[in-house]
S.K.: 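Sending over a structure as structure tokens; questions will come in a sec.
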Protein chains: 2
Amino acid sequence: MPTGRRERKKAATRQKIADTALRLFLERGYDAVGIRDVAAEADVAVTTLFSHFASKEALVFEQDDDFEQRLTQTVTGRAPHEPLIPALRREIQALVRHCTADSAAPIWRMIDASPALREYEESMRLRHAESLATAIAADPDLSRTTTACRTIARFVIDAYSLAREAADPDTAVDEIFRMIEAAWEVAHPSGNSVGTAGP
Amino acid sequence: MPTGRRERKKAATRQKIADTALRLFLERGYDAVGIRDVAAEADVAVTTLFSHFASKEALVFEQDDDFEQRLTQTVTGRAPHEPLIPALRREIQALVRHCTADSAAPIWRMIDASPALREYEESMRLRHAESLATAIAADPDLSRTTTACRTIARFVIDAYSLAREAADPDTAVDEIFRMIEAAWEVAHPSGNSVGTAGP
DNA sequence: TCCTAAAAGCTAACCGTTAGTGTTACGGTC
DNA sequence: GACCGTAACACTAACGGTTAGCTTTTAGGA
């Protein structure tokens with residue numbers, strides 16, 4: 001039963017807190033707004049706020065689970081025998097476009113301006129890279145070492161991070177993924193050849 | 001005059017704080033030791049401690065500047081026309097060995113056990129990647145785009161981070177650097193060929 | 001010798017975060 | 001419909017990292 005009154009109220013509270021926080025942060029600046037301000041404006045207790053969000057920074061990256069799931073879905077949910085890297089490239093391209101859109105600009109300006117938020121995002125990315133690595137390692141079609149899987153996962157997350165900051169994000173994604181593709185190709189367990197190399 | 005009494009005393013104070021902090025952290029655990037404990041044991045005021053170190057975490061990564069300079073030195077100080085990637089591979093290999101040595105094990109166990117320290121190290125790595133990227137971009141022998149330089153720099157830092165955690169660090173460095181080499185090769189500005197492509 | 005400024009000290013707070021302890025209100029059960 | 005377990009929320013008070021404001025010491029140059 002997804003629609004109990006309890007769960008709806010809980011979700012509403014969570015959303016109200018997140019919305020209020022983002023509004024206040026954008027209005028007055030992240031550092032200028034205290035947790036107590038957010039709680040008061042959202043009309044909840046500070047402890048309630050922290051039962052919904054693990055930290056002040058988490059208020060900003062409210063939907064980071066979506067990001068993570070989209071990435072792992074890209075790996076686990078792609079068509080059989082569909083090559084991995086182009087699929088990831090498309091997904092990263094979409095995600096980069098999403099957060100370089102004009103509507104998202106004020107939020108990212110705020111994030112870039114706050115060391116605490118930047119640091120938080122970095123450690124978020126590492127989490128995402130880990131789950132992406134796990135998804136890649138679990139695919140039987142892709143026989144690579146654990147190290148190779150973790151490496152490629154990091155590279156893909158790097159691509160997202162670097163492209164987001166690049167002057168021309170689209171071109172940057174293309175360029176970085178050309179490099180990733182090459183790295184992935186040489187990561188075959190036994191030599192550089194794909195499958196059989198016979199005459 | 002590099003050896004004024006003032007500078008010596010300042011350096012001594014700094015060192016005493018760092019040594020005391022590391023000792024206490026290892027004795028009682030990072031979270032169990034407060035800043036006020038460290039300051040008291042080192043016989044300095046809390047404000048003095050914070051005039052030498054920007055944060056509690058910085059007490060642990062005291063010599064992170066060395067790390068950064070060794071990396072950039074590897075790029076800027078290498079023999080003329082010496083290929084970049086193998087030079088970086090050697091340096092990363094050495095750094096990984098250094099911090100997977102038995103003597104460093106307790107420190108890294110402490111770091112791995114503390115989310116705050118892990119997060120701090122991550123953002124440190126990003127700083128290192130940035131300065132490495134700058135060094136690479138500044139080398140006239142390596143004609144690559146800014147994006148390619150930043151990308152390779154990230155990859156190299158990833159190699160350090162991943163190899164440090166790998167079961168067999170030496171093998172991991174080799175494996176990851178094979179991937180990095182391939183990525184670097186395809187990052188030439190005009191196509192995949194090195195220098196001149198025959199008629 | 002005296003002056004300046006760096007270095008260190010002290011106090012008192014700010015702010016994110018948490019523990020401890022109720023209080024309310026929903027959901028399933030009899 | 002009354003009842004109970006528990007999830008959600010509230011309140012207070014604190015803890016710990018960090019900083020501002022201001023004073024004291026001390027090194028180095030005039």
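Letters A, B, ... are given to chains in the order of the sequence lines, protein chains preceding strands, and every chain is numbered from 1. Computed from a predicted model, the values in this text were never measured in an experiment.
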S.K.: For Asp174(B), check salt bridge (Lys or Arg N to Asp or Glu O under 4.0 Å) against everything at least two apart and list the hits.
M.R.: Arg89(B)
S.K.: Return the residues of residues 19-39 of chain B meeting this criterion: a heavy atom under 4.0 Å from some atom of DNA chain C. Order them by number, or give none.
M.R.: Arg36(B)
S.K.: Round to a whole Å and report the spacing from CD of Glu7(A) to P of dC9(D).
M.R.: 12 Å
S.K.: Name every residue in residues 52-66 of chain A that has at least one heavy atom under 4.0 Å from any atom of DNA chain D, in order of residue number, or write none if there are no such residues.
M.R.: His52(A)
S.K.: To the nearest Å, give me how far apart CZ (Arg5(B)) and P (dA6(C)) are.
M.R.: 19 Å
S.K.: At under 4.0 Å, does any side-chain N or O of Lys9(B) touch on OP1 or OP2 of dA27(D)?
M.R.: yes
S.K.: Roughly how far apart are Met179(A) CE and Phe155(A) CZ, rounded to 0.5 Å?
M.R.: 8.5 Å
S.K.: Begin with the C-alpha distance, continue with both residues' side-chain angles, and end with the deciding distance and a verdict on side-chain contact (heavy atoms from CB on, under 4.5 Å) for Ile92(A) and Ile157(A).
M.R.: CA-CA 8 Å; Ile92(A) 293 292; Ile157(A) 301 295; 5.6 Å; no
S.K.: Taking distance alone, no hydrogens or angles, what donor-acceptor pairs closer than 3.5 Å link side-chain atoms of residues 145-153 of chain A to residues at least two apart or in another chain?
M.R.:
| from | atom 1 | to | atom 2 | distance (Å) |
| --- | --- | --- | --- | --- |
| Thr145(A) | OG1 | Ala148(A) | N | 3.0 |
| Thr145(A) | OG1 | Glu175(B) | OE2 | 2.3 |
| Arg150(A) | NE | Glu130(A) | OE2 | 3.4 |
| Arg150(A) | NH2 | Glu130(A) | OE2 | 2.7 |
| Arg150(A) | NH2 | Glu165(B) | OE1 | 2.9 |
| Thr151(A) | OG1 | Thr147(A) | O | 2.6 |

S.K.: Per the salt bridge (charged side-chain N to carboxylate O under 4.0 Å, His left out) rule, what does the pair list look like for residues 39-48 of chain A, sequence neighbours excluded?
M.R.: Arg23(A)-Glu41(A)
S.K.: Using a heavy-atom distance cut-off of less than 4.0 Å, which residues of residues 106-121 of chain A contact DNA chain C?
M.R.: none
S.K.: For the pair made of CG in Leu49(B) and C1' in dA8(C), what is the distance, rounded to whole Å?
M.R.: 12 Å
S.K.: Please determine whether side-chain contact (heavy atoms from CB on, under 4.5 Å) holds for the pair Val38(A) and Phe25(A), giving the CA-CA distance in whole Å, both sets of side-chain angles, and the decisive distance to 0.1 Å.
M.R.: CA-CA 9 Å; Val38(A) 176; Phe25(A) 291 160; 4.2 Å; yes
S.K.: Do any pairs count as a salt bridge (charged side-chain N to carboxylate O under 4.0 Å, His left out) and have a residue in residues 59-83 of chain B, sequence neighbours left out, and if so which ones?
M.R.: Asp64(B)-Arg127(B), Arg70(B)-Glu91(B), Arg78(B)-Asp139(B), Glu82(B)-Arg90(B)
S.K.: Taking the side chain from Arg144(B) and the backbone from Ile136(B), do they hold a donor-acceptor pair closer than 3.5 Å?
M.R.: no
S.K.: What pairs meet the salt bridge (charged side-chain N to carboxylate O under 4.0 Å, His left out) rule with one or both residues in residues 151-163 of chain B, with sequence neighbours excluded?
M.R.: Arg154(A)-Asp158(B), Asp158(A)-Arg154(B)
S.K.: Between Asp141(A) and Leu84(A), does a side-chain contact (heavy atoms from CB on, under 4.5 Å) hold up when you go through it step by step?
M.R.: CA-CA 10 Å; Asp141(A) 285 2; Leu84(A) 175 71; over 6 Å; no
S.K.: Near DNA chain C, which residues from residues 40-48 of chain A have a heavy atom under 4.0 Å away?
M.R.: Val46(A), Thr47(A)
S.K.: Restricting to side-chain hydrogen bond (donor to acceptor under 3.5 Å, both in side chains), what partner residues turn up for Gln69(A), sequence neighbours left out?
M.R.: none
S.K.: With ring pair (Phe, Tyr, Trp, His ring centres under 6.0 Å) as the rule and sequence neighbours excluded, what pairs involving residues 49-75 of chain B come up?
M.R.: Phe61(B)-Tyr120(B), Phe67(B)-His128(B), Phe67(B)-Tyr160(B)
S.K.: What pairs meet the side-chain hydrogen bond (donor to acceptor under 3.5 Å, both in side chains) rule with one or both residues in residues 103-112 of chain A, with sequence neighbours excluded?
M.R.: Asp112(A)-Arg118(A)
S.K.: Is it the case that dA5(C) (base atoms only) and Arg6(B) (side chain only) share a donor and an acceptor within less than 3.5 Å, ignoring hydrogens and angles?
M.R.: yes
S.K.: Rounded off to whole Å, could you give me the CZ-to-P distance for the Phe50(A) and dC15(C) pair?
M.R.: 13 Å
